[in-house]
Every structure is written in structure tokens, then in C-alpha cells.
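Predicted model only: the values in this text are computed from it and were never measured. Counting starts at 1 for both ligands and their atoms, following the listed order.
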Amino acid sequence: MKFMDLHLGYEKRRDAIDKRIASIISRSQFIFGAELEELESELAKYVNAKYAIGVSSGADAIMLALIALGYEAGKDNSDKEIIVPSFTFFATAEAPAFLGMKPVFCDIDERTYNIDVNKIESLITKNTAVIMPVNIFGQCADLEKIEQIAKAHNLFVIEDACQSFGATFNNKYSCSFGDIAVTSFFPAKPLGCFGDGGMIFTDNEEYYNKIKMLRHHGDKGKMEHIMVGMTGRLDNLQAGILLEKFVGFDNDMDERIKKAQYYTENLQDVITTPYIESSNKSVYAQYCVQSKDKDKICKALNDKEIPTPVYYINPLHLAPVFKHMGYKEGDLPVSENLCKNIFALPIYPEIPQTDQDMVIDIIRNAVK
Ligand SMILES: Cc1ncc(COP(=O)(O)O)c(C=O)c1O
């Protein structure tokens, strides 16, 4: 069984995607172009942000956002702290560390797995510059509370929405919170392209103008380089593919939610299924569960060639690369414990019910 069958998402729109790709190739409009502009405008409208900028990946999006806020490479950012959850994909902490900033790791809420908003204030120091919550597995963190904390302490907020495009929090779309929000179009994401890609959203015109230049070598236009940037654009072929995948995106997310609910209804009495706050609509970028019988369950599933990847094997405060920061086991117990017990089940909009039933039966038999 496949963990995620991306090919089925393509099959549903094969004609439209193939036509779009052929049209872009016939125009040879590969870098910048009509598709990129249309995608930026469509997605900004969808999430209700003033501006959207297509970029090369989610990790680059975080970097470009931080540079736009003033933490550029080449500057001494070593006293600039950014509060991030410890339970997330590495890029959340990697991007600020790449710019020389200091990630400060916060523990998570044991039910939602998102940053614990009650622990953020104790981590704020005179050096704190940014809070960057992550909407883990497609469910928004308590973004309104985080915005309040940031306002009270005069800090920036970047919404790491790399897993949550299409999710909502109090009926507002993910990617519309914070000073700047970023998402990823990595193929396995809720809205995925056929390679790497990402997008940055903001209501701030100054950041918008700056990021547009930064993604294109700090070029103000006609090769007038006024800042140090990068090759950070979303290419036009990926933008064209995303435009076609965006048709029917809401249906795809509804299907994904239905599949997640099916697992939950059939498994919640035997394992810990995802907890979704009433304020949230999750897009279930992953369907992750916990069990004290993890080893037994995973062995039973793996024996039938059903993959059960672990997001995440290590909390980031214990990642080898951050050893010098002095964190030790026991510092962030909720994140540490979760990493020991969590594993993911196959989920995607087109997953056949027979596959889900097989997963459910094997789990129920394993814990009998
Ligand atoms: C929370 C989070 N942040 C950042 C990223 C980086 O995105 P990308 O893989 O597009 O660079 C990811 C991607 O997996 C992610 O899940």
C-alpha cells in the first residue's frame, strides 16, 4: 500500500495539467509569467491576504520572510532569538539558524501537538525578535493568542503554514496570520506541485516589495541590484501545475477530512487519534496517531507492506546540530514523549476505503 499516491491526484486532472504544461512550453515562459501572476492573485484572494509571492520552497519562504524583517545573511544576527516549537520539521529552525539567528525551542500542547501558547511568554527575553508558530499536520496553532503575545512584547510573528494551506482558525484562512505567512508546495503537501515550491503572504506593502526583489537577486528591475537576495522564485511551470491543482482543491480537502474522520471513528477507542480544536478546520497534512503499543501496531502494518513513517523521530531541541545550545533530555517533555509514541497512517484524498479498512482491521487486531 502506498503511504500517499500522488499519481491519483494527477490522473484526476491529467488533461488540464498536460495542456497547461504544453502551453507554457510552447510559450517558453519558464521564469516569471502569466501563470505565476495568476496563481499569486488567486491564492492571495483565497486566504484573504493582500499580497502573495511565489517562491522556490517553504524553507526559502521562511528565509526570505526573515530577511524582509531585517535579519539578512551577512549581518550579525547571533543575538536575535526566534521562538519556535520543538516538534516540527527541521526547516522551521534551520532557516533562521542559516541566517545566524538563535532558535529558542518551546514545548507543545499535548493534545493538538502545536506550540504551547502558555509557555511562550516565559521564553521571551530582551533578545527575542520573532515568534514562529507552526500549524502542525494541517491544524492551526492558537494564532490569535500568539498575535496578542507578540503585540504585547513588540515582536514579529511569522506563520509557518507549510503544512496548513486551506486550513482555517476561527473561520479565517491559514496564511492570513502574523506579519508574514509562508507555505510549501512540496508534492506531498495539501496543495502540492511537481517539484519544490512555496508562497509568502503578507498585508504589508513594504515586505511585499522587498520579498519580490529578494527572490530575484535583490533586483529592483533591469538588473539594478539594491540588496543581496537569491534565486528564490517559483517557476512558471510549477505555477501552471498549481493553478490546475487548485481547481477542485476544496473538494480534495473535504475528501481528506472525510478520510481522516473515517479513521477517527473506527480507531479512537483503541489508539490516540488526532484532536482538533473546535476553532479549527484541519487539512490533515498527515494523520498521526499515538499508542503505547506502537511497536506492535507498526510491525503488524509493516508486515503487510503498509508504511508507518514517524513525524518526527527527534524533537528539534535534541537535534545533533543544536547540541551546542545545551538542551538536554527532559527539557521539553511533551515534545520528547510524543516523538516516542507517534506514527502516521496512509492518507490522501483518493485513498480507497478498502485500504483504510485494511489499516483499521490490522490495528484493531494488533491491540486485541
Ligand atoms: C513545518 C514546515 N516548515 C517548513 C517546511 C519546508 O518546506 P519545503 O520542503 O518546501 O522547503 C516544511 C516542509 O516539509 C514543513 O513541514
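With sequence neighbours excluded, the residues forming a salt bridge (Lys or Arg N to Asp or Glu O under 4.0 Å) with E40 are R215, listed by chain and number. Under the rule for a ring-ring contact (aromatic ring centres under 6.0 Å, His included), the partners of H7 that lie at least two apart in sequence or sit in another chain are Y10. A search for salt bridge (Lys or Arg N to Asp or Glu O under 4.0 Å) contacts involving K328 returns D331, not counting sequence neighbours.
In this structure, F249 has its ring center under 6.0 Å from that of F165.
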Within the protein, flag every N or O under 3.5 Å from an N or O of ligand 1, and note the pair and distance.
unit_1   : atom_1 : unit_2 : atom_2 : d
ligand 1 : 3 (N)  : D160   : OD1    : 3.3
ligand 1 : 3 (N)  : D160   : OD2    : 2.9
ligand 1 : 10 (O) : G58    : N      : 2.7
ligand 1 : 10 (O) : S184   : OG     : 2.7
ligand 1 : 11 (O) : G58    : N      : 3.3
ligand 1 : 11 (O) : A59    : N      : 2.8
ligand 1 : 14 (O) : K189   : NZ     : 2.8
ligand 1 : 16 (O) : Q163   : NE2    : 2.9
ligand 1 : 16 (O) : K189   : NZ     : 3.1

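Of the possible donor and acceptor atoms, one in the side chain of N236 sits under 3.5 Å from a partner among the backbone N and O of Q29.
To the nearest 0.5 Å, the span separating SG on C339 from OH on Y312 amounts to 10.0 Å.
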